[in-house]
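Everything on this sheet refers to the single structure shown next.
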Amino acid sequence: MNTTTTQKQFFSEQLLAWYRRHRRDLPWRRSRNPYYIWISEVMLQQTRVDTVIPYFHRFIERFPTMQSLAEAPEEEVLKLWEGLGYYSRARNLQGAVREVQERYGGTVPDTKEEISTLKGVGPYTSGAILSIAYNKPEPAVDGNVMRVLSRYFLIEEDIMKPATRSLMEKLAKELIPGGAAGDFNQGLMELGAMVCTPRSPHCLTCPVMEHCSARDARMEEALPVKKKAKPPRPEYRIAAIVEGSGVHAGKVLIRQRPQEGLLARMWELPHVEVPFAYAAAADGKDGSIAIPPSISLLTDRLAEETIGVRPERRFMRTEHTFSHIHWDMEVVICSLEPSVLPAASGMLMPSHYEWVDSSVMGQYAFPNVFLKLLNRYFQK
DNA sequence: AAGTCGGGGGG
DNA sequence: CCCCCAGACTT
């Protein structure tokens with residue numbers, strides 16, 4: 001990288017001017033309320049603009065102030081986050097807002113040191129809030145910014161390495177024009193989203209093509225350099241749709257996940273992981289799960305929780321990919337088997353189980369994989 | 001430095 | 001089908 005002063009100045013000036021002409025009208029750009037900027041930046045972590053927009057509207061309608069969010073029950077926050085993924089973002093946001101209420105008198109801190117102590121506010125988000133809400137000259141380096149900078153300045157370091165990120169932050173900070181940190185940082189991201197796209201960048205409409213080093217070197221498609229992620233590990237699971245009877249007729253059994261870990265505190269269909277050996281025992285050529293004997297793993301587990309069930313028929317097979325795990329899940333419809341219940345009348349289910357139908361599902365937050373299954377079952 | 005933590009859209 | 005996305009946190 002051999003960077004000249006004119007190349008940097010050109011970039012800063014042209015990008016800022018371009019952004020002010022071409023900025024999209026996004027909901028969180030209609031205010032400089034630090035709380036709204038904060039919500040948007042957290043929602044936008046690893047998530048597309050188009051996905052976030054409806055969530056952002058619902059969230060600020062229900063929680064218009066930090067006080068309203070601080071006082072809300074966590075389940076309600078989680079429910080508004082339902083389907084967005086990375087649910088710790090929602091819990092961290094509420095916890096951090098409570099922290100701002102208590103420690104900072106309800107004002108979002110305006111220094112890097114203070115704001116960075118808040119849960120879920122890392123290097124990117126702190127810079128984004130400080131620059132966009134307070135116009136402080138702090139860099140906000142996300143995937144878009146690293147792509148733009150790696151191309152314009154022909155940086156061939158692996159952008160997954162922390163050292164490369166530090167380099168990018170240093171460079172991005174130097175580029176901020178005086179008094180225009182918010183617009184410049186947003187312009188950098190806007191360019192990455194709209195023009196300097198991951199594949200087939202639209203160089204002919206780019207405001208800084210003239211001095212783009214990657215363009216000169218015909219390297220724009222090859223940058224940024226990024227080591228490939230490991231493929232998700234496969235997991236095989238078998239789930240039950242337990243149909244209620246009597247007072248629970250028309251309802252199915254759901255349960256809440258543990259406090260920590262994957263999909264923490266979300267609701268789900270009862271299910272168990274099936275050892276690979278069981279899954280591989282399937283006769284099918286596609287590696288499908290052998291329902292017997294896998295089903296007994298499920299019924300045994302439920303019996304341990306005082307819930308006796310009897311498998312009735314196969315519902316469907318579904319696959320779902322998380323960042324690091326791939327679920328291949330067989331879903332079986334079961335009926336209640338009162339004879340297996342220790343005291344069918346009196347014995348209470350564990351408190352993390354509930355009966356639901358489609359009318360009360362709205363009170364529970366489900367990850368998409370189970371939301372889709374339940375909606376299909378209830379034919380929504 | 002590597003693993004954990006969701007979900008969807010686009011080529 | 002693969003890649004990527006307005007990342008942060010833990011180990």
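These values consider heavy atoms only, across backbone and side chains, with no hydrogens, waters or symmetry-generated copies. Just so you know, these numbers come straight off a predicted model, no measurement behind them. In what follows, chains carry the letters A, B, and so on, assigned in the order in which the sequence lines appear, proteins first and then strands, with residues in each chain numbered from 1.
Of the side-chain N and O atoms in A:His324, none sit less than 4.0 angstrom from OP1 or OP2 of B:dG3. An OP1 or OP2 oxygen of C:dC4 is reached within less than 4.0 angstrom by no side-chain nitrogen or oxygen of A:Lys227. Between B:dG3 and A:Lys230, a contact under 4.0 Å exists linking OP1 or OP2 to a side-chain N or O. The side chain of A:Lys372 contributes no N or O atom lying less than 4.0 Å from OP1 or OP2 of B:dG6. A sub-4.0 Å separation between OP1 or OP2 of B:dG6 and a side-chain N or O of A:His320 is absent. The phosphate of B:dC5 (OP1 or OP2) has no side-chain N or O of A:Arg265 nearer than 4.0 angstrom.
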Below 3.5 Å between N/O atoms, which protein atoms pair up with nucleotides 8-11 of chain C? Just atom names and distances, please.
residue	atom	partner	partner atom	Å
C:dA8	OP1	A:Gly122	N	3.0
C:dA8	OP1	A:Gly122	O	3.4
C:dA8	OP1	A:Tyr124	N	3.4
C:dA8	OP1	A:Thr125	N	2.8
C:dA8	OP1	A:Thr125	OG1	2.8
C:dA8	OP2	A:Tyr124	N	3.2
C:dC9	OP1	A:Gly120	N	2.5
C:dT10	OP1	A:Lys119	NZ	3.3

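Judged purely by distance below 3.5 Å, without hydrogens or angles, the side chains of A:Thr47 and A:Tyr86 never pair a donor atom with an acceptor atom. When only modelled atom types and interatomic distance are considered, A:Tyr124 and A:Glu41 share a side-chain donor-acceptor pair under 3.5 Å. Side chains of A:His326 and A:Glu319: a donor on one and an acceptor on the other come within 3.5 Å.
Salt bridge A:Glu220/A:Arg215: present, at least one basic N to carboxylate O contact under 4.0 Å.
Aromatic rings from A:Phe370 and A:Trp267 are positioned such that their centres are separated by 6.0 Å or more. Here the two rings, on A:Phe59 and A:His57, have centers that are 6.0 Å apart or farther.
A:Gly261 comes within contact range of the sugar-phosphate backbone alone, with a heavy-atom separation under 4.0 Å but no base atom that close. Nucleic acid contact class of A:Leu93 (heavy atoms, under 4.0 Å, all strands): none. Across all strands shown, A:Thr51 has no heavy atoms under 4.0 Å from either base or sugar-phosphate atoms. Residue A:Arg147 is classed as a sugar-phosphate contact, given heavy-atom separations below 4.0 Å to backbone atoms only. Contact annotation for A:Ser88: no contact, since no heavy-atom pair falls under 4.0 Å across all strands. A:Trp81 comes within 4.0 angstrom of no nucleic acid atom, judged by non-hydrogen atoms across all strands.
In this structure, the CG atom of A:Asp50 is 11 Å from the C1' atom of B:dG8, given to the nearest Å. A:Tyr19 places its OH atom 14 Å from the P atom of C:dA6, with the value rounded to the nearest Å. At whole-Å resolution of the value, CZ in A:Arg199 and C1' in C:dC4 are 7 Å apart. Atom pair A:Tyr87:OH and B:dG8:C1' shows a separation of 12 Å (rounding to whole Å applied). Counting to the nearest Å, the P atom of B:dG6 and the CG atom of A:Asn368 are 12 Å from each other. Counting to the nearest Å, the P atom of C:dC4 and the NZ atom of A:Lys228 are 10 Å from each other. If you measure from atom CZ of A:Arg48 to atom P of C:dC3, you get 14 Å, rounded to the nearest angstrom. With rounding to whole Å, A:Glu138 atom CD is found 17 Å from C:dA6 atom C1'.
Between the C1' atoms of B:dG6 and C:dC3, the separation comes to 16 Å (whole Å). Using P as the reference atom, C:dA6 and B:dG3 are 24 Å apart when rounded to the nearest Å.
For B:dG7, its base never sits under 3.5 Å from the side chain of A:Thr321 at any donor and acceptor pair.
When the shell of 6.0 Å around CZ of A:Arg314 is examined, it contains more than 12 heavy atoms from other residues, nucleotides or ligands. Heavy-atom neighbours of A:Gln67 CD from other residues, nucleotides or ligands within 6.0 Å: at or below the threshold of 12.
Applying the Watson-Crick and G-U wobble criteria (two distances, each under 3.5 Å), C:dC3 pairs with B:dG9.
For the pair A:Ser200 and A:Gln46, nearest-nucleotide mapping onto DNA chain B gives the more 5' position to A:Gln46. Comparing A:Lys161 and A:Ile325 by the nucleotide of DNA chain B that holds the closest heavy atom to each, the one mapping nearer the 5' end is A:Lys161.
Of the candidate nucleotides B:dG6, C:dA6, B:dT4, B:dT4 has the atom nearest to the side chain of A:Arg233.
At a threshold of 4.5 Å between non-hydrogen side-chain atoms, the residues A:Asn144 and A:Leu188 do not count as touching.
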